[in-house]
Amino acid sequence: MRFLVIGIGIISVALGVSACTTNAPSEKLDYTLPRANVDLLRSPNEDEVLKTVKIVVLDGVNTLSFENSEDLQAFSNYCFTMPSEKSIAFIKKRLNVTPYLSQLFDYYRDIEYLDRTVSNRESAIFALDSLSSVYASSLIFDKDKVAYINCLREDEAIVANTDGKYIVGGEIRAIRKVESLDELKCHTIETKWVPSDQPGLRANNPYAITRDRKAIMSLSYNPQEKEIAVTFTAQKKILFGLAWNSYNTTYSGRLQTSDLGAEFYVYGQYEDKVLVRKEELDSDKLTFAPFTIKVGQLTALYIDTQEEAARFTLRLGKFRKENDQYIPGKAIFMKGLVEVWSRGISYEDRGKDQLLIEHSVDLD
């Protein structure tokens with residue numbers, strides 16, 4: 001067990017799965033529950049989003065251009081209402097722009113093709129090495145040929161073109177690339193659309209792995225909205241066990257808080273689905289989102305997704321200043337335990353890590 005300092009939503013580090021210390025969840029969420037906070041989480045519809053962006057040709061490549069940071073944020077928020085592959089498909093179809101992030105999914109589709117067509121292990125090794133060379137300018141690979149986009153921020157990778165560029169207020173911006181896996185692992189956690197030199201900002205992730213399946217739960221923090229998001233990722237081994245490939249599945253997670261700096265309001269909803277419930281550890285009371293976790297309240301949040309996706313991002317909730325329930329100078333603080341499992345990985349094989357998110361700023 002250890003704390004991790006990571007790039008936002010981009011990479012997680014394999015951890016040993018701890019022994020079971022809590023009981024397995026006994027029930028699934030009722031997805032027919034009404035959605036009570038539609039206005040709070042409302043994202044622009046597709047037509048509204050298309051009004052925030054223009055297409056320009058930059059060095060011969062179609063490129064997204066935003067008038068200001070607010071339009072960029074609105075577009076980004078819309079993209080995060082759907083799995084990454086759906087966001088890429090939306091940008092390609094409606095805007096005729098190929099996002100930088102699409103190269104990661106192109107690689108995995110090529111892996112699937114090799115898995116269907118290569119007949120023996122020796123040929124697979126050669127084909128995999130050749131494929132890695134083709135994507136060397138946009139991806140980073142670990143020893144197991146797991147691919148990572150070589151960009152510190154996935155929110156940039158979804159709006160940047162295949163050259164890694166996009167435009168805001170007439171200014172050409174380029175994604176910040178990394179050259180090695182170690183650099184990607186060790187970089188201070190990034191934030192969304194704000195400078196990265198935020199003091200005291202950390203987050204960490206659980207990582208579950210079996211012989212042929214992985215499930216990753218990544219936590220990210222948006223300092224503009226004082227908001228935490230959760231991204232789930234699933235992978236399985238293919239190609240004679242030589243490579244990991246993303247695959248669609250359903251996910252489960254538990255986030256157990258032991259210390260908060262301020263009230264945390266949980267949205268816990270995705271489109272028309274309620275995905276999050278809480279159990280107050282000192283009373284066994286069960287509540288479905290939306291709800292508030294108060295300072296000093298020991299709470300376990302359970303997340304169950306119905307969405308079939310290789311990558312799935314949920315806007316979990318936000319810190320807020322309510323009834324003076326916050327610690328001055330330490331309001332953005334959450335400590336506890338986080339766990340993940342999936343349809344392909346049992347609760348007994350779940351990944352587990354300590355939870356620590358802190359940002360040394362005060363609430364407005």
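Applying the ring-ring contact (aromatic ring centres under 6.0 Å, His included) test to F75 and every residue at least two apart in sequence or in another chain returns F66. Y135 pairs by the ring-ring contact (aromatic ring centres under 6.0 Å, His included) definition with Y107, not counting sequence neighbours. For the side chain to side chain contact (heavy atoms under 4.5 Å, CB included) test, residues two or more places apart in sequence or in another chain that qualify with N62 are I55, V57, N96, V97. Applying the salt bridge (charged side-chain N to carboxylate O under 4.0 Å, His left out) test to D106 and every residue at least two apart in sequence or in another chain returns R109.
For the pair R116 and Y113, the cation-pi test (distance below 6.0 Å, angle within 45°) is failed.
Taking CD of E263 as the reference point, atom CD of Q297 lies at 9.0 Å (rounded to 0.5 Å). Put simply, NZ on K177 and CG on N150 are 5.5 Å apart, with the number rounded to the nearest 0.5 Å. To the nearest 0.5 angstrom, S252 atom OG is 10.5 Å from L275 atom CG. Distance check: L50 CG to I91 CD1 gives 10.5 Å after rounding to the nearest 0.5 Å. One finds the CG atom of L255 at 6.0 Å from the CE atom of M334 (value rounded to the nearest 0.5 Å). One finds the OH atom of Y247 at 13.0 Å from the OH atom of Y108 (value rounded to the nearest 0.5 Å).
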Point to revise | Residue pair D115, N245: steps toward the side-chain contact (heavy atoms from CB on, under 4.5 Å) verdict | key: CA-CA 10 Å; D115 187 55; N245 189 30; over 6 Å; no
Check your understanding: Going through the distances and angles, do F232 and T249 end up as a side-chain contact (heavy atoms from CB on, under 4.5 Å)?
Key -> CA-CA 10 Å; F232 292 94; T249 189; over 6 Å; no
Point to revise | Derivation and outcome, side-chain contact (heavy atoms from CB on, under 4.5 Å), residues V53 and V159 | key: CA-CA 10 Å; V53 61; V159 298; over 6 Å; no
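Considering every non-hydrogen atom in both V118 and N120, the closest pair reads CG1-O, 3.4 Å. Minimum interatomic distance between E112 and S246 (heavy atoms only, all atoms of both residues): OE2-O, 4.2 Å. Across all non-hydrogen atoms, the minimal contact from W244 to V146 is CD1-CG2, 3.3 Å. The two atoms that bring T52 and D71 nearest to each other are O-CB, 3.5 Å, heavy atoms only. Contact detail for I175 and A160: the closest heavy-atom pair is CG2-CB, 3.6 Å. Contact between R173 and S69 at its shortest, heavy atoms only, is NH2-OG, 4.2 Å.
Under the 4.5 Å side-chain criterion, counting only non-hydrogen atoms from C-beta, N161 is not in contact with L64. With contacts defined as side-chain heavy-atom distances shorter than 4.5 Å, the pair R320/T292 qualifies. A 4.5 Å side-chain heavy-atom check between V168 and N68 finds every atom pair outside the cut-off. I238 is not listed as a side-chain neighbour of L114, based on a closest heavy-atom distance of 4.5 Å or more. Counting heavy atoms from C-beta on, the side chains of D110 and V134 never come closer than 4.5 Å. No side-chain heavy atom of K236 sits under 4.5 Å from any side-chain heavy atom of D212.
Taking Ile, Leu, Val, Met, Phe, Trp and Tyr as hydrophobic and joining them when side-chain heavy atoms fall under 4.5 Å apart, one finds I172 in a cluster with V56, L58, I167.
Proximity of a side-chain donor or acceptor of S65 to a complementary backbone N or O of K54 within less than 3.5 Å is not detected. Under the 3.5 Å distance criterion, the side-chain polar atoms of D163 are left unmatched by any main-chain donor or acceptor of K165. No donor-acceptor pair closer than 3.5 Å links the side chain of Y251 to the backbone N or O of T231. Under a 3.5 Å cut-off, the side chain of S218 and the backbone N or O of I216 do not form any donor-acceptor pair. Of the possible donor and acceptor atoms, none in the side chain of S76 sits under 3.5 Å from a partner among the backbone N and O of L72. Formation of a donor-acceptor pair under 3.5 Å by the R277 side chain with backbone atoms of G268 is not found in this model. Within the 3.5 Å criterion, the main-chain N or O of I149 finds no donor-acceptor partner in the side chain of Y100.
With Y267 as the partner, the side-chain hydrogen bond (donor to acceptor under 3.5 Å, both in side chains) test is satisfied by one option alone out of R315, K318, E227: E227. For the side-chain contact (heavy atoms from CB on, under 4.5 Å) with L301, the lone residue among R254, Q256, K278 that qualifies is K278. Each of I228, T305, V276 was compared with L314 under the side-chain contact (heavy atoms from CB on, under 4.5 Å) criterion, and only V276 meets it.
Hydrophobic clustering places I88 together with F90 (ILVMFWY residues linked when any side-chain heavy atoms are closer than 4.5 Å, directly or through intermediates).
Within the structure, the salt bridge (charged side-chain N to carboxylate O under 4.0 Å, His left out) test picks out the following pairs touching residues 118-142 (sequence neighbours left out): D129-K145.
A salt bridge does not link D349 with R213: every distance from a Lys NZ or Arg NE/NH1/NH2 to an Asp or Glu carboxylate oxygen is 4.0 Å or more.
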